[in-house]
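A quick write-up on the structure given underneath.
A, B, ... follow the sequence lines: proteins, then strands. Residue 1 opens every chain.
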Amino acid sequence: MENKNNNKKAGSKSLGAQFWKEFAKGIIISNPVFILALGLCPTLAVTSSLDNALGMSAGVIFVLLCSNIIISIIRKATPASARIPVFIVVIATFVTILSLVFQAYIPPLYESLGIYLALIVVNCIILGRAEVFASKNSVLLSIGDALGIGIGFTLALVIISLLREILGTGSLSVFGLELFKIPVLSASPMTFFILPPGAFLVIGLLLALFKWLGVIKNE
Amino acid sequence: MASKILSNKIYPLVFLTIIVLASVSLLVYINSITAPIVEAQQEAEIKNMLSGMFADMDDYKYEDEIYTIYQDSEIIGYAFLAKGKGYGGEINILVGVNEDFTIEDVVIISNTETPGLGSKITESSFTNQFRGMAAGDVALKKDGGDVDAITGATISSKAVVEAIRKAMEEKINLLEGD
């Protein structure tokens, strides 16, 4: 009796530990943007302001979490030959729900994310997690994976958008509230940074920086 | 038994059909909740914009793509949409005209012009210029009109000007024909 209890405890503990492992890996060591270099299209497009980056991140976390849960639940019944269309339908459903909800309740965000909201469907982070993780793991671990990758994506978008908004407009605001304004820079901002070339430059430099930090760590 | 079902050739088809049906019914349900909210929002937005142009407006009617503005059941002006092709894509403009077909005000509803350059078309320093103009005056100064272009954003400025003039000529013809 005691043994059984111990086993059960050990089992649940390792499941918890596994959950945290899957959760933590997505944030830094397999950060979707900086390390896996996935989902770069929305990353480039929406990081011109912090607001957009946060809105996009919230959207991706919602879709990733829901699709991971559903795909994990149906993984044993899903036929291998039809799995990709099934994943896409599941993902598209949640993206459509998201855009309907955004349109109804947060129209300014819906407007500013524009086409990129609908394009979450083809964000390879989400399809990637469905194929690599959720279709092979339990619901609990899939939740951990979705949250970890989602937060890693958010972290990347926030870093990029902070740099771009501050350099490109000389000020920073969140949800219409201005946090600060840099005197000289805001008068003649480096508009380049909120334009597409600025996105490429910032992401390229950040990727190089993280690569360099990784190299240092390995040595 | 389970493996027998899974290995059936029709099974993937059936499974995908079930998933799609579930997806569609869920979306229909959610759309039925959000659609009225979205509609009400758009109407409120239009009303808000119209009353921003015509402070005395107490009612409006939408017909043939023209908003007719009423005060105490008397027509005090008209408003209509103008679409321009800018540097970065479509520019949507709401144009308000008085009874004598001079511009009351113009509002840039949406644009995808370059932030910090072409996007200045939304600023009042640009849009205020149009007030009081008749359709014939709506042109850039270099084209013999009365409108100052935005420095560094001639294409965006021109797109707005052309769109407004074209829309005005078209709608005024329509209104005068009535």
Side-chain angles (χ1 to χ4, degrees), chain A residues 45 48-49 52 66-67 70-71 73-108 110-112 114-115 121 164-165 168-171 186-199, chain B residues 1-46 48-49 87-90 92 108-120 122 151-153:
Chain A
S48 57
S49 76
N52 285 355
C66 295
S67 74
I70 298 296
I71 286 164
I73 289 172
I74 61 169
R75 71 184 188 280
K76 285 185 179 135
T78 309
S81 58
R83 69 181 196 288
I84 299 291
V86 169
F87 296 166
I88 291 289
V89 171
V90 171
I91 295 167
T93 307
F94 289 113
V95 172
T96 314
I97 292 174
L98 185 75
S99 69
L100 288 174
V101 169
F102 272 15
Q103 193 183 6
Y105 300 103
I106 355 181
Y110 176 79
E111 296 267 312
S112 67
I115 184 76
V121 176
R164 289 183 65 196
E165 188 176 344
T169 66
S171 60
S186 62
S188 55
M190 296 185 266
T191 314
F192 169 74
F193 279 100
I194 49 174
L195 301 181
Chain B
M1 182 64 191
S3 68
K4 208 173 175 185
I5 295 175
L6 281 170
S7 61
N8 193 310
K9 269 185 187 157
I10 310 170
Y11 176 69
L13 211 69
V14 175
F15 187 79
L16 190 55
T17 312
I18 294 170
I19 294 285
V20 171
L21 284 179
S23 157
V24 170
S25 26
L26 184 64
L27 291 179
V28 167
Y29 173 68
I30 290 180
N31 188 42
S32 71
I33 300 173
T34 57
I37 302 174
V38 172
E39 208 170 292
Q41 244 164 27
Q42 281 166 346
E43 212 176 294
E45 205 177 314
I46 287 168
N48 203 6
M49 270 190 293
Y87 186 71
E90 201 165 74
N92 287 302
I108 312 290
I109 301 172
S110 66
N111 77 91
T112 48
E113 300 306 283
T114 315
L117 277 175
S119 68
K120 284 189 184 160
T122 58
T151 315

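The shortest distance between side-chain heavy atoms of T191(A) and L117(B) does not fall below 4.5 Å.
The shortest heavy-atom contact between Q103(A) and Q41(B) is O-OE1, 3.2 Å. Taking both residues in full, the closest heavy atoms of V89(A) and S23(B) are given as CG1-CB, 3.9 Å, listed atom of the first, atom of the second, then distance. Closest non-hydrogen pair, P12(B) versus P79(A), comes out as CA-CG, 3.5 Å.
Counting heavy-atom pairs closer than 4.5 Å to chain A, the top residue among L27(B), I19(B), L16(B) is L27(B). Contact count against chain B (heavy-atom pairs under 4.5 Å) is highest for Y105(A) among Y105(A), Y110(A), F94(A).
Judged by distance alone, the side chain of Y11(B) and the main-chain N or O of A77(A) form a donor-acceptor pair under 3.5 Å.
When the shell of 6.0 Å around CD1 of I10(B) is examined, it contains 12 or fewer heavy atoms from other residues, nucleotides or ligands. By the neighbour-count criterion of 12 heavy atoms within 6.0 Å, atom CD of E43(B) is sparsely surrounded, having that number or fewer from other residues, nucleotides or ligands.
Only the side chain of P107(A) comes within contact range of chain B, with at least one heavy atom under 4.5 Å from a heavy atom of that chain. Interface remark: L100(A) contributes backbone and side-chain atoms alike to the contact with chain B (heavy atom separation under 4.5 Å).
Tested against T93(A), the residues V20(B), L26(B), V24(B) include a single side chain to side chain contact (heavy atoms under 4.5 Å, CB included) partner, L26(B).
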